Student: 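The structure under discussion is supplied below as structure tokens; questions concerning it will follow.
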Amino acid sequence: MKTKLNQILIEVADQLKQQGVIPADQDVKVQVDPTRDKAHGDFATNLAMTLAKPAGLPPRELAAKIIALLPAQSVITKVEMAGPGFINFFVDDQAKFAVVQQVLQQKNQFGQNGAGQGRSVLVEYVSANPTGPLHVGHGRGAAYGASLVNLLGFAGFDVTAEYYVNDAGRQMDILATSVWLRYLEICGEQFPFPSNGYKGDYIYAIARQLFDQHGDALRKPAFEVFAGAFPDEGQDGGDKEKHIDALIERAKALLGGVDFEQVFSLAIKDILTDIEEDLSEFGVKFNNWFSERSLMHTGVVDAALEKLQQADKIYEKNGALWFRSTEYGDEKDRVVVRDNGLKTYFASDIAYHFNKLERGYETIIDIWGSDHHGYIPRVKAAMQAMETNPDALQVLLVQFAILYRGGERAQMSTRSGQFVTLRELREEVGTDAARFFYVARKSEQHMDFDLDLAKSQSNDNPVYYIQYAHARICSVLGQLAEKGYALDEAMGLANLDQLSTEHEVDLATKLAQFPDLIGRAALAYEPHQIAYYLKELAHGLHSYYNSEHFIVEQAELRNARMVLILAVQQVLQNGLAIIGVTAPEKM
RNA sequence: GCGCCCGUAGCUCAACUGGAUAGAGCAUCGCCCUUCUAAGGCGAGGGUUACAGGUUCGAGUCCUGUCGGGCGCACCA
């Protein structure tokens, strides 16, 4: 309907050009919007207002000309001029119910929208370092990313979801060393645990596995491990960073490359398995788990650096190699190879983003925590220097969820082991409520997450409102049989003209908006729009339920009402599937 | 100090991307279960959209400045 009006108005604008009312070279942007207020009809256009100036006419006068040029349309019952120059269109109520048949035909495909035009998109999200379990901070990115992936797919994009595994670098060495130290404790060694090591309980669990597999074989005396190591923080002249680096070095030396690698692999495998399981239970799944180490080992990073070097975008200073990112608007140049010969995370990231485009994706979307925003210019700079289009990269920032517990801000730190895990959250408030809570907010909106409230008010969570609407419909359909009726879809569809109440018209109108909503939400990367839409649709259903009895004696009306609520049920399912929430049949 | 994000009802958030009288939920106060699930419905109160200018037919939305909050500004990842 909306697109049809759009076309008609474009034709009208052409006629206005021919008549010389507006300049022939005038750029016309036709905009048709569903109205907010029913008194304004079903759709409205501001065309007369935007063209008033080039036409040199008052908006209302131009609106009158436009209305005069409109061809007669059977489904449009009324066209009127309103306010400062809006043109309002009133759609015939009966025509609105056509959507019911569409929904029942297209089923779980209703709402699919060609907005994506089959463009291939790679969405990379979560990508938390595998140094510990996911915490509630990761939850938002996970829920947002997964919903976005579903939404883009539904809107006709060819989507791939990827998790970038940062399995290289110093943090991983710290992890492996932490595990090994806990293992030594299990073996019976005694020593002060480094203040910069990972202290969470999960480290013990991995260490225990290590012990079960290897017994004492990897044990070294504590005094050897700590011999000559730089003092830890809190000691005279101590430094926690230098201390842990020294311990890493000792661990590698004492264990040897092969055994250290064993500890390393066990730790990372264990944590990644846990993360994958955790996410999967949260309804978050990935097509690829892309390893940073694989980039290193296959020489992709070196190749990327070489390419930059040949383009003269790299220079040496103070023993390190620097990328000239300032040439592309970054604040300062960035190190890609440190003076100790190790490549930085940024170096892998250059290679990684280049690799993403090489794999043929037209658009690559990175979902990052807002604390990484300062990182965007350098990645875009690298893409330019690699002679790829920096606009192919869309970085979507997700603001932090600020956690409150008992009215106090709860601080999170993976290192200290004090955090609320995503798993704990799911157990406390449930996966559905958690998914909904996260995704019902605009991603760039700062968000307060009161854990006590989430827990105590879990029954007040709006997600249940939507699920309840779905369960209610299922319940009504169940009642049909109990009352000795059979559902007759064909009769219902043939008698849609029996539907006439305001609630019925409203529901049909709402259903018809779904496909358009999908396209708009997808192009704006805003899955929260789906959540709000579903709330409104559920509200329509609940109102209807309270004002009208569905299971009536008269068969035509009864079946017409049944197909209407069947359509609502279907759209609730389709919408909930996008935001990763289940549609229960009973509550 | 510089940069990015944000500021909307008592609280948590929307506002179709510049449209008409800024809307929901929670909380507060009234009603509605002998009828398909009351985890629901109907209604009331609650707003100078942080503040001050500007742009235009029209601003919560765009531009400038001020105030307030979050986050960055590494040879960490």
Side-chain angles (χ1 to χ4, degrees), chain A residues 31 33-37 39-40 44-46 48-50 52-53 58-60 82-86 88 128-129 131 166 168-172 174 241 292 317-322 331-332 334-340 342-346 348-349 369-377 397 399-400 402 437 440-442 444-450 453 457 459-465 467-469 471-480 482-483 513 516-517 520-521 523-524 526 528-529 531-533 535-536 538-539 541-552 561 565 586-587:
Chain A
Q31 194 182 331
D33 295 314
T35 55
R36 207 176 304 222
D37 185 342
H40 299 142
T45 183
N46 57 2
M49 277 129 81
T50 55
K53 202 167 213 180
R60 287 184 65 95
F86 288 104
N88 295 335
N129 286 354
T131 52
N166 300 129
R170 178 168 171 264
Q171 295 304 320
M172 299 311 302
I174 297 178
E241 302 290 348
E292 182 186 359
K317 192 178 86 180
N318 302 333
L321 292 183
W322 299 69
E331 303 174 322
K332 48 184 291 191
R334 307 291 174 177
V335 171
V336 286
V337 180
R338 292 198 270 158
D339 57 4
N340 63 9
L342 291 177
K343 297 178 191 80
T344 61
Y345 171 83
F346 179 48
S348 336
D349 231 13
S370 61
D371 56 333
H372 284 70
H373 71 260
Y375 199 76
I376 299 172
L397 296 175
Q399 292 294 328
F400 277 0
I402 302 168
F437 190 89
R441 279 138 179 84
K442 223 170 164 171
E444 65 262 34
Q445 178 67 253
H446 295 260
M447 156 175 167
D448 289 345
F449 200 135
D450 187 323
L453 201 72
Q457 294 201 337
N459 255 9
D460 284 330
N461 194 307
V463 72
Y464 298 112
Y465 182 80
Q467 291 183 316
Y468 185 43
R472 255 189 166 162
I473 294 170
C474 295
S475 171
V476 169
L477 294 170
Q479 285 288 321
L480 254 191
E482 281 184 32
K483 298 197 173 180
Q513 289 169 358
D516 199 50
L517 167 85
R520 210 173 48 236
L523 293 176
E526 291 183 347
H528 78 273
Q529 289 192 34
Y532 278 88
Y533 170 85
K535 270 201 245 182
E536 288 165 18
H539 176 250
L541 188 279
H542 288 310
S543 293
Y544 184 33
Y545 180 92
N546 274 274
S547 76
E548 233 74 51
H549 207 70
F550 301 162
I551 305 179
V552 293
R561 287 186 170 163
I565 64 170
K586 263 188 195 164
M587 285 179 74

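Note on naming: letters A, B, ... go to the chains in the order of the sequence lines (proteins, then strands), and numbering restarts at 1 for each one. FYI, side chains are in, hydrogens and waters are out, and symmetry mates aren't considered; it's all heavy atoms of this structure. These figures come from a predicted structure and were not determined experimentally.
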Student: Categorize Ala471(A) for me: base, sugar-phosphate, or nothing, with a 4.0 angstrom heavy-atom threshold over every strand shown.
Tutor: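 Answer is base: heavy atoms of Ala471(A) come under 4.0 Å of a base.
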Student: With heavy atoms under 4.0 Å as the rule, sort Ala168(A) into base, sugar-phosphate or nothing.
Tutor: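 Sugar-phosphate: the residue Ala168(A), judged by heavy atoms under 4.0 Å, touches backbone atoms but no base.
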Student: Taking pairing as Watson-Crick or G-U wobble with both contacts under 3.5 Å, can you name the mate of rC11(B), or confirm there isn't one?
Tutor: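 rG25(B) is the nucleotide pairing with rC11(B).
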Student: Under the rule for salt bridge (Lys or Arg N to Asp or Glu O under 4.0 Å), what residues qualify as partners of Arg36(A), not counting sequence neighbours?
Tutor: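 Residues passing salt bridge (Lys or Arg N to Asp or Glu O under 4.0 Å) with Arg36(A): none at all.
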Student: How many whole angstroms separate atom CD of Gln513(A) from atom C1' of rC16(B)?
Tutor: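 Rounded to the whole Å, the gap is 9 Å.
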Student: Which protein N or O atoms sit under 3.5 Å from an N or O of nucleotides 40-43 of chain B?
Tutor:
from    : atom 1 : to        : atom 2 : distance (Å)
rG40(B) : O2'    : Arg472(A) : NH1    : 2.7
rG40(B) : O2'    : Asn546(A) : ND2    : 2.9
rG40(B) : N2     : Asn546(A) : OD1    : 3.2
rG41(B) : OP1    : Tyr465(A) : OH     : 2.4
rG41(B) : O4'    : Asn546(A) : ND2    : 2.9
rG41(B) : O3'    : Ser543(A) : OG     : 3.3
rC42(B) : OP1    : Ser543(A) : OG     : 2.9
rC42(B) : OP2    : His539(A) : NE2    : 3.4

Student: So, taking the atom named NE2 in His528(A) and the one named NZ in Lys442(A), what distance separates them when rounded to the nearest 0.5 Å?
Tutor: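 Nearest 0.5 Å value for the NE2-NZ distance: 5.5 Å.
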Student: Checking side chain to side chain contact (heavy atoms under 4.5 Å, CB included) against Val336(A), which of Trp322(A), Tyr345(A), Phe346(A) comes through?
Tutor: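 Option passing the side chain to side chain contact (heavy atoms under 4.5 Å, CB included) with Val336(A): Phe346(A).
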Student: Would you mind reading off the distance between Met49(A) atom CE and rA20(B) atom C1', rounded to a whole angstrom?
Tutor: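 About 8 Å, once rounded to whole Å.
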Student: Please classify the nucleic acid contact of Asn129(A) as base, sugar-phosphate, or nothing, using heavy-atom distances under 4.0 Å.
Tutor: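 Touches sugar-phosphate only.
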Student: Starting at CD1 of Ile473(A), measure out to CG of Leu541(A) and round the result to the nearest 0.5 Å.
Tutor: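 Between atom CD1 of Ile473(A) and atom CG of Leu541(A) there are 4.0 Å.
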Student: Taking for each residue the nucleotide of RNA chain B with the nearest heavy atom, is it Arg520(A) or Pro84(A) whose nucleotide lies nearer the 5' end?
Tutor: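 Between the two, 5'-proximity favours Arg520(A).
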Student: Using Watson-Crick or G-U wobble geometry with both distances below 3.5 Å, tell me the partner of rA38(B), or none.
Tutor: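 Matched rA38(B) with nothing under the 3.5 Å cut-off.
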Student: Testing the 3.5 Å rule here: is there a donor-acceptor pair between the side chains of Glu292(A) and Ser348(A)?
Tutor: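 Their side chains do contain a donor-acceptor pair, which is all the 3.5 Å distance test asks for.
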Student: Among residues at least two apart in sequence or on other chains, which ones pass side chain to side chain contact (heavy atoms under 4.5 Å, CB included) with Tyr465(A)?
Tutor: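 Ala538(A), His539(A), His542(A).
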Student: Applying side chain to side chain contact (heavy atoms under 4.5 Å, CB included), can you list everything that pairs with Ala471(A), at least two apart in sequence or on another chain?
Tutor: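 Counting only residues at least two positions away or on another chain, Ala471(A) forms a side chain to side chain contact (heavy atoms under 4.5 Å, CB included) with Met587(A).
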Student: Which comes earlier along RNA chain B counting from the 5' end, the contact point of Val476(A) or that of Glu331(A), where each point is its nearest nucleotide?
Tutor: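 Upstream on the strand: Val476(A).
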Student: Determine the interatomic distance between P on rU12(B) and the same-named atom on rU56(B); round to the nearest Å.
Tutor: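 Comparing P positions in rU12(B) and rU56(B) gives a spacing of 37 Å.
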Student: By salt bridge (Lys or Arg N to Asp or Glu O under 4.0 Å), which residues pair with Asp516(A), not counting sequence neighbours?
Tutor: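 Asp516(A) satisfies salt bridge (Lys or Arg N to Asp or Glu O under 4.0 Å) with Lys2(A), Arg520(A) only.
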Student: Determine the interatomic distance between C1' on rA24(B) and the same-named atom on rG47(B); round to the nearest Å.
Tutor: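 Per the computed distance, 15 Å lies between those C1' atoms.
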Student: Over all strands shown, is Pro34(A) touching base, sugar-phosphate only, or nothing at heavy-atom distances under 4.0 angstrom?
Tutor: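 Base: the residue Pro34(A), judged by heavy atoms under 4.0 Å, touches a nucleobase.
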Student: Could you work out which one of rA15(B), rG19(B), rA77(B) sits closest to the side chain of Tyr375(A)?
Tutor: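 Of rA15(B), rG19(B), rA77(B), rA77(B) is nearest to the side chain of Tyr375(A).
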Student: Expressed in whole Å, how much space separates the C1' atoms belonging to rG25(B) and rG65(B)?
Tutor: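 About 36 Å, rounded to a whole number of Å.
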Student: Please state the P separation for the pair rU55(B) and rC2(B) - nearest whole angstrom.
Tutor: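 Rounded to whole Å, the distance is 27 Å.
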Student: If the glycosidic angle is within 90 degrees of 0 it's syn, otherwise anti, so just tell me which one rC62(B) is.
Tutor: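 Glycosidic conformation of rC62(B): anti.
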Student: Base, sugar-phosphate, or nothing for Asp349(A), non-hydrogen atoms under 4.0 angstrom?
Tutor: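 Since no nucleic acid heavy atom lies under 4.0 Å of Asp349(A), the category is nothing.
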Student: NA contact type, Ala524(A), heavy-atom cut-off 4.0 Å: base, sugar-phosphate, or nothing?
Tutor: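 Base: the residue Ala524(A), judged by heavy atoms under 4.0 Å, touches a nucleobase.
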Student: Treating primed atoms plus P, OP1 and OP2 as sugar-phosphate and everything else as base, which nucleotides of nucleotides 7-14 of chain B get B, S or - for protein heavy atoms under 4.0 Å?
Tutor: S----SSS
Student: Name the nucleic acid region contacted by Asp33(A), choosing base, sugar-phosphate or nothing; use a 4.0 angstrom heavy-atom cut-off, strictly under.
Tutor: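 Since only primed, P, OP1 and OP2 atoms lie under 4.0 Å of Asp33(A), the category is sugar-phosphate.
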Student: With rounding to the closest Å, how many angstrom separate the C1' atoms on rU49(B) and rA14(B)?
Tutor: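 Here rU49(B) and rA14(B) have their C1' atoms 13 Å from each other.
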Student: Quickly work out the Asp37(A) CG to rA22(B) P distance and round it to whole Å.
Tutor: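 Rounded to the whole Å, the gap is 11 Å.
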Student: Across all strands, who's sitting opposite rG1(B) as a Watson-Crick or G-U wobble pair, both distances under 3.5 Å?
Tutor: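 Check on rG1(B): paired to rC73(B), both distances under 3.5 Å.
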Student: Given the C1' atoms of rG60(B) and rC42(B), what is the spacing between them in whole Å?
Tutor: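 After rounding to an integer number of Å, I get 30 Å for this pair.
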Student: Apply the syn/anti split at 90° from 0 to rU17(B) and say which one it is.
Tutor: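 Base orientation: syn.
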Student: What is the distance from CZ of Arg170(A) to C1' of rA74(B), rounded to the nearest Å?
Tutor: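 Result: 11 Å.
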Student: For His549(A) and rC36(B), is the gap between ring centres under 5.5 Å while the planes differ by less than 30°?
Tutor: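 Stacked: centres under 5.5 Å apart, planes under 30°.
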Student: What is the separation between atom CG on Asp371(A) and atom P on rC73(B), rounded to the nearest whole Å?
Tutor: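 For the pair Asp371(A) CG and rC73(B) P, the rounded distance is 9 Å.
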Student: Please identify each residue that fulfils side chain to side chain contact (heavy atoms under 4.5 Å, CB included) with Pro84(A), with sequence neighbours left out.
Tutor: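 So Pro84(A) forms a side chain to side chain contact (heavy atoms under 4.5 Å, CB included) with Met49(A), Phe86(A).
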Student: Let me know the distance between CZ of Arg334(A) and C1' of rC75(B), rounded to the nearest Å.
Tutor: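 To the nearest whole Å, that distance equals 12 Å.
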Student: Just to be sure I understand the rule, does Ala320(A) reach a base, reach only the sugar-phosphate, or reach nothing, if contact means heavy atoms closer than 4.0 Å?
Tutor: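 Since a base atom lies under 4.0 Å of Ala320(A), the category is base.
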Student: Between rA44(B) and rG7(B), how far apart are the C1' atoms? Round to whole Å, please.
Tutor: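 rG7(B) and rA44(B) have their C1' atoms separated by 29 Å.
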Student: My understanding is that only residues two or more places apart in sequence, or in another chain, count here; which of them pass side-chain hydrogen bond (donor to acceptor under 3.5 Å, both in side chains) with Asn129(A)?
Tutor: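 Not a single residue meets the side-chain hydrogen bond (donor to acceptor under 3.5 Å, both in side chains) criterion with Asn129(A).
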Student: Work out how far the C1' atom of rG69(B) is from that of rC51(B), and round it to whole angstrom.
Tutor: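 After rounding to an integer number of Å, I get 15 Å for this pair.
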Student: Does Asn166(A) reach the side chain of Gln171(A), with side-chain heavy atoms less than 4.5 Å apart?
Tutor: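 No. Closest side-chain heavy atoms not under 4.5 Å.
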Student: The criterion is side chain to side chain contact (heavy atoms under 4.5 Å, CB included); which residues satisfy it with Val476(A), sequence neighbours excluded?
Tutor: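 So Val476(A) forms a side chain to side chain contact (heavy atoms under 4.5 Å, CB included) with Tyr545(A), Phe550(A), Ile551(A), Met562(A), Ile565(A).
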Student: Let me confirm one number: the CD-CG distance from Glu526(A) to Leu517(A), rounded to the nearest 0.5 Å.
Tutor: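 Reported value, rounded in 0.5 Å steps: 10.5 Å.
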Student: Which one, rG19(B), rA77(B), rA74(B), comes nearest to the side chain of Lys332(A)?
Tutor: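 So the nucleotide nearest the side chain must be rA74(B).
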Student: What nucleic acid atoms does Asn340(A) come within less than 4.0 Å of, heavy atoms only: base, sugar-phosphate, or nothing?
Tutor: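 Nothing: the residue Asn340(A), judged by heavy atoms under 4.0 Å, touches no strand.
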Student: Whom does rG19(B) pair with, Watson-Crick or G-U wobble, provided both distances fall under 3.5 Å?
Tutor: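 Across any shown strand, rG19(B) pairs with rC57(B).
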Student: Nearest-Å distance, CD (Gln399(A)) to C1' (rG69(B))?
Tutor: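 These atoms are roughly 11 Å apart.
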Student: Taking the minimum atom-to-atom distance to the side chain of Tyr464(A), which one of rA20(B), rC75(B), rA39(B) wins?
Tutor: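 In terms of side-chain proximity for Tyr464(A), the closest of rA20(B), rC75(B), rA39(B) is rA39(B).
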Student: Atom CD1 of Ile376(A) and atom C1' of rG72(B): how far apart are they, to the nearest Å?
Tutor: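 Those two atoms, CD1 and C1', are 11 Å apart.
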